[in-house]
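Here is the structure we will look at, set down as structure tokens.
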Amino acid sequence: MSGLTGRRVLITRNADRARPLASLLSELGAEPLVLPLIDFEKERDQAPLDAALDQLTAGGFDWLVISSITTVRVLLEKAAQRGLALVDLVPSGTKVATIGPLSRKAIESVGLTVAVAPADVQSAEGLLAVWEASQERVLLPQADIAAAGLRDGLAASGADVTSVVAYRTVDYPASAELRLTAELPSGVVISSTDAPVTLSPEDVRTALDAGTVDAVVAASPSAARRIAATLLPLGTCRLIAIGRPTAAEASRIGLTVAGTAKVPTPDGIVAALESVFANEGNSP
């Protein structure tokens, strides 16, 4: 029997993005619940991103740094608008760096080679720890709310960094006209015929008050902020953060972090959940 049998775990992503973790939780006997809190939209002013991609295609950058799976979706969409595949958007002389196994899988599945990616700490800090290039031209497309650490760290290494907003993080749901529509390559997202149960905010409030949610998963610092803004008090529900930046932000805003997933994958999150419940020694 799994240590997660009977546990009810709230995932603060939309159903599609929650599906890989939800599928694994279900296999292990847990009950995944979904409450989307954040979503992503295209930047209204596309001119800076388009100009940067023109420069990229013309060979104006030595490196393209892709820091999230959402950035991959943006680049897929921008390439399609130009009648190109993503691999055609990036010249052969431009190296690619990324963070996280899903981003790497998506990038490699479209024919690009990842030259640098952290093996242990899946974060901006982890990428900077293995970054050795200096005095090279770097394109860094990111979210509007991305922390300055990666950009500043690359610049401190001597890189000439062009940072551009690729997408905006918004409260769920994204507006129809600005929603990202590009699909990730086949096989990158684990599929399931059964969609996880999506709750309303009112349903989640009732469950939290009744103590029937065992854990809530925060996938990003912005998700932690939304949890603090909309779900408190958590009561007996444990907060699991994905990655140290999310855990640090959660702690900064007064949330108690019960566990931190060292790797931002379903297996990594499950390992954090199992560790928390095993250490407590309690049954659900």
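Here, residue 1 is the first one in the sequence, and each next residue gets the next number.
- Below 30°, between 30° and 60°, or above 60°: for W131 and W63 the angle between ring planes is between 30° and 60°, a tilted geometry.
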For V204 and V213: C-alpha separation, side-chain torsions, deciding distance, then whether side-chain contact (heavy atoms from CB on, under 4.5 Å) applies.
CA-CA 8 Å; V204 171; V213 180; 5.6 Å; no
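- In this structure, P245 and E249 have side chains that are not in contact, with every pair of non-hydrogen atoms separated by 4.5 Å or more.
- For the pair E183 and R73, the salt-bridge criterion is not met [side-chain N within less than 4.0 Å of a carboxylate O].
- D62 places none of its side-chain heavy atoms less than 4.5 Å from the side chain of T94.
- Looking only at atom types and distance, the side chain of T260 has no donor-acceptor partner in the side chain of R244 under 3.5 Å away.
- Using a 4.5 Å heavy-atom threshold, the side chains of D171 and R226 count as touching.
- Of the N and O atoms on the side chains of E77 and T181, at least one donor lies less than 3.5 Å from an acceptor on the other residue.
- In this structure, the side chains of P173 and P36 stay at 4.5 Å or more apart for every pair of heavy atoms.
- At distances below 3.5 Å, not a single donor-acceptor pair connects side-chain atoms of R168 with backbone N or O atoms of E43.
- More than 12 heavy atoms of other residues, nucleotides or ligands lie within 6.0 Å of CZ in R137, so this atom counts as buried by the packing criterion.
- Contact check for I66 versus V96: side-chain heavy atoms found under the 4.5 Å cut-off.
- Both V65 and V130 are assigned to one and the same hydrophobic cluster, defined by single-linkage of ILVMFWY side chains at heavy-atom distances under 4.5 Å.
- With hydrophobic clusters built from ILVMFWY side chains whose heavy atoms lie under 4.5 angstrom apart, L86 shares a cluster with F40.
- A cation-pi contact, defined as under 6.0 Å to the ring centre and within 45° of the axis, links R7 to F277.
- Atom CD of E125 has 12 or fewer neighbouring heavy atoms from other residues, nucleotides or ligands inside a 6.0 Å radius.
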Working note: R238 + D214, criterion salt bridge (charged side-chain N to carboxylate O under 4.0 Å, His left out); need CA distance, chi angles, decisive distance, verdict.
CA-CA 6 Å; R238 299 83 162 169; D214 295 291; 3.7 Å; yes
Show, in sequence, the C-alpha distance, side-chain angles and deciding distance for S68 and T70, and conclude whether the side chain to side chain donor-acceptor pair (under 3.5 Å) test is met.
CA-CA 5 Å; S68 73; T70 306; 4.5 Å; no
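- Side chains of R44 and L178 form a contact here, defined as non-hydrogen atoms less than 4.5 Å apart.
- Under the 4.5 Å side-chain heavy-atom criterion for ILVMFWY residues, no single connected hydrophobic cluster contains both I269 and V263.
- For the pair L76/V110, a side-chain contact is recorded, criterion being any heavy-atom separation below 4.5 Å from C-beta on.
- When each of L127, D160, V138 is checked for a side chain to side chain contact (heavy atoms under 4.5 Å, CB included) with L154, only V138 meets the rule.
- Residues L49 and L139 share a single hydrophobic cluster, defined by chaining ILVMFWY side chains whose heavy atoms lie under 4.5 Å apart.
- In terms of modelled atom types and a separation under 3.5 Å, the side chain of T12 and the main chain of V217 share a donor-acceptor contact.
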Could you go through E41 and S175, starting from their C-alpha distance and side-chain angles, then the distance that decides it, and tell me whether this counts as side chain to side chain donor-acceptor pair (under 3.5 Å)?
CA-CA 7 Å; E41 292 181 350; S175 62; 3.1 Å; yes
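- Remark: E177 CD is packed, more than 12 non-hydrogen atoms of other residues, nucleotides or ligands lying under 6.0 Å away.
- Linking Ile, Leu, Val, Met, Phe, Trp and Tyr residues whenever their side-chain heavy atoms come within less than 4.5 Å places V164 and V74 in a single cluster.
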